[in-house]
Amino acid sequence: MEKEPKQEQTNNERGRETYIGARDDIQMVGREREKKHILKLLQNHGDKEKSIIPIVGLGGLGKTTMAKFVYTLKESDEFRFDLKAWVYVSMDFKLEKVISDTISELDGRLPVKDATLHYLKSQLDKILYDKVYLIVLDDLWEESVHTLEELVTMLQSGKKGSKIVVTTRSEKVASTLSVVGSSHFHTVEPIKLEGLSDDECWSIMKPKNLGDDQITDFVDIGKEIAKQCNGVPLVAKALGYVMRKNCTREAWLEIKDSNIMDIKDDDKGILKGLLRSYHHMPPQLKLCFMYCSIFPKSRDIDHDSLIQQWIALGFIQGPDGQLQKIGIEYINEFLGMSFLNILTYLTVSSTRSFKPTHSLRMHDMVHDLARHVASNELSYTDGTENINTQWVKLNCNYLLLNQNKTLSTYIALPTNVRAISFRECDKLQLPQQAFSHTLYLRILDMSGCHVSKLPVSVYKLKLLRYLDASTLPISNLPKSLNLLLNLQTLILSNTSLNTLPTNIGNLQKLQYFNLLGCVSLCELPISFGNLSSLLFLNLASCHELHTLPEFFGRLNKLQFLNLSNCYKLHSLPESCSQLHDLAHLDLSDCHNLEEITDWIGNLSKLEYLNMSSCSKVQILPDPLCELKMLKRLDLSFCIKLEHLPSSIGDLRIETLDIEGCFFLRNLQRAFLVS
């Protein structure tokens, strides 16, 4: 019998590979003919064969948006599926990963790794058996007949009426699918997306608040700019956002007359259109956007980590406690321009500095633009280049080593580099002095390596501000960690740590500390309370953590605290009353936590409190009702909770979740009293 593979570790709760919002979030201009056609193809009659529906078009024309429209159709007799899955494929096609992600989407499990295709096929067959399914394969590039035949064979289970929607830039992919899928699926003519009309582009770009007295003068200029979009919605969105932000005649004329000549482009001029938007960014946004080139194409970007890296490089300026909020504003700018997209259901709000982290992704065309504007600032490799020659010749500031699973020998690093990111470098052996000459390094992301301890030269990086050692099999860190006196961000999530250095409190500039998933960590050292600059602390799923020390309240600048799934934690110290700046407190799945005492009333800035599945909590203290800033209170499945405070109705809560509170009695009276 085949051994079941391991589930992958994850830094966050599992989210979709791409953002699938509510129907109201999906806005398409034009495309009425294409929508009617695809709706007809999707009509689910029991006698219809399973079918593959390709959507083909250049980058930025709205293929994924069309697929989102399909995926979020309201269920009806005509559009009813037992199972649905959205799988982002990308240029880096690995059949095992695609099928593993499909299984994960269908049944909610974390993706497995090191699984054979035989095992994955057997699991997928069980899930799809006797089910009508809808599977979206977004951004498929693979053109190999053999590989696509394997893919189709893996997905052949399921009942009649099942649909596979494929988005691709390649007509060859669509035609190959029609051939290899013919024995298992009915294949239809590809839905080919062409460019929008100039008027349709203008309707995307036109500011809603354009006054009547401005219309005549502005419309002519706006329509000239719309012509420069070449029918590409992505360009229209990006330029439209810039125009709405700079709604003056002079600014619009400057956009119209921009002479973008310094970029190689496709026939549609997509990159030149995006470059116009880039040129009209403020200088600080240009720096932040250029830095995004360090991330591999089509990879998720953690929202909070990105902001922390911008801060580490000095791209965000302002008071220490406000840098995260400024970073959120920058991300909102990129979201508005469609230069970044959110991959989860969470929305970005500038009212709170930190929130449950979520992922972002950059459209491939936008990523190409970022690489273009970075130019020689960035050096990167995917394992195909002569790395030694490339690195020595380029005096780069940012360095990405990506997918070098066969690379086992150390290569000298550029001396002036400011940021280094390792990705999928499982076999790379780093000598102890690997970083001895990178004295200007501000950012070091080693999460893609597989080293049991950090090289000693790391602790000599006096300018280092950001260190990510997540997922590394390290059980302890040396006391020399305290030499990193400028460290602002330390990410040790999903490591094997069982202790922290006793002198960790010497990191006086540390603001962001992530220990999520350190399941062996059993206590925090006494000096932990000396981390007086700490704003963000994630201790979620530290399963062996029994208590927080009494000095914990000395972290009085803390804004975000996540203790979810610390299921051995039985109480919180009274000193928590000193956490006056705390806005977010997550205690969900603290199954052993027995009570929250009166100190909670001192957290005057608290906006979010999650106590879901705190199954031993029976009552809530009256001072909870003094939290006038509280917007969301989650008490779901507090199965022993019997009473709410009598003045709970005084709170201005936007969301109160009491699902599964089976013994709660006085709810109606509590709200009537107020």
Side-chain angles (χ1 to χ4, degrees), residues 16-20 26 28 31 33-35 37-39 41-42 50-71 84-99 101-102 105 133-156 162-182 184-196 231-235 266-268 270-271 296-299 338 341 343 361-368:
R16 296 198 184 280
E17 283 289 340
T18 194
Y19 173 61
I20 308 299
I26 298 171
M28 278 193 292
R31 309 296 188 208
R33 179 177 58 83
E34 292 88 347
K35 283 195 285 187
H37 182 42
I38 201 166
L39 288 175
L41 294 172
L42 282 169
K50 294 173 289 186
S51 55
I52 298 175
I53 305 171
I55 304 173
V56 181
L58 293 174
L61 284 181
K63 301 182 298 297
T64 298
T65 303
M66 180 66 74
K68 289 178 186 178
F69 166 76
V70 169
Y71 195 84
K84 290 164 68 174
W86 182 291
V87 181
Y88 181 77
V89 183
S90 84
M91 295 178 71
D92 183 23
F93 185 90
K94 294 183 177 67
L95 183 57
E96 292 85 351
K97 183 179 186 304
V98 172
I99 301 304
D101 287 348
T102 303
E105 283 288 304
Y133 65 78
L134 170 64
I135 295 175
V136 175
L137 300 177
D138 187 30
D139 200 23
L140 179 61
W141 290 72
E142 181 61 44
E143 295 182 342
S144 163
V145 174
H146 173 70
T147 304
L148 290 179
E149 188 171 21
E150 279 190 305
L151 173 63
V152 169
T153 302
M154 295 289 283
L155 298 172
Q156 67 179 319
S162 296
K163 315 289 182 187
I164 299 174
V165 175
V166 176
T167 71
T168 179
R169 297 189 198 182
S170 169
E171 292 192 25
K172 184 178 178 181
V173 169
S175 61
T176 303
L177 283 172
S178 68
V179 174
V180 301
S182 58
H184 304 295
F185 294 88
H186 171 64
T187 54
V188 302
E189 284 295 314
I191 297 172
K192 296 182 180 179
L193 299 187
E194 304 295 340
L196 300 179
V232 180
L234 178 64
V235 176
D266 52 79
D267 293 337
K268 283 285 182 181
I270 297 172
L271 289 181
K297 182 177 282 191
S298 303
R299 297 297 178 88
S338 297
N341 296 295
L343 303 190
R361 184 172 288 147
M362 195 174 258
H363 191 285
D364 285 353
M365 300 298 294
V366 178
H367 190 274
D368 290 343

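Note that the coordinates shown come from a computational prediction; the quantities given were computed from them, not determined experimentally.
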Item to check | Cation-pi, F69 ring and R31 (6.0 angstrom, 45 degrees) | outcome: no
Checklist entry - Who passes side chain to side chain contact (heavy atoms under 4.5 Å, CB included) against H367, sequence neighbours left out? => result K297, M362, R371
Checklist outcome for this item: Taken in chain and number order and not counting sequence neighbours, the residues that satisfy side chain to side chain contact (heavy atoms under 4.5 Å, CB included) with E189 are none
Checklist entry - Roughly how far apart are W86 CH2 and L137 CG, rounded to 0.5 Å? => result 10.0 Å
Checklist entry - In this structure, which one of D139, D138, D101 forms a side-chain hydrogen bond (donor to acceptor under 3.5 Å, both in side chains) with Y88? => result D139
Item to check | Rounded distance [0.5 Å steps], OG1 in T167 versus CD1 in I191 | outcome: 11.5 Å
Checklist entry - Are the side chain of Q156 and the backbone of T153 linked by a donor-acceptor contact shorter than 3.5 Å? => result yes
Item to check | Residue pair S298 / D364, side-chain heavy-atom distance below 4.5 Å | outcome: yes
Next on the checklist: Taking the side chain as everything from C-beta on, heavy atoms only, tell me whether L134 gets closer than 4.5 Å to Y71.
Outcome noted: yes
Checklist entry - Would you find more than 12 non-hydrogen atoms of other residues, nucleotides or ligands less than 6.0 Å from E143 atom CD? => result yes
Checklist entry - Would you find a donor on one side and an acceptor on the other, under 3.5 Å apart, between the side chain of K163 and the backbone of L41? => result yes
Checklist entry - Once you round to the nearest 0.5 Å, how far does CD of E34 lie from NZ of K63? => result 13.0 Å
Next on the checklist: Just verifying a value: how many Å separate I53 CD1 and H186 NE2, rounded to the nearest 0.5 Å?
Outcome noted: 9.0 Å
Item to check | Single hit among I38, V166, T168, L61 for side-chain contact (heavy atoms from CB on, under 4.5 Å) with I55 | outcome: I38
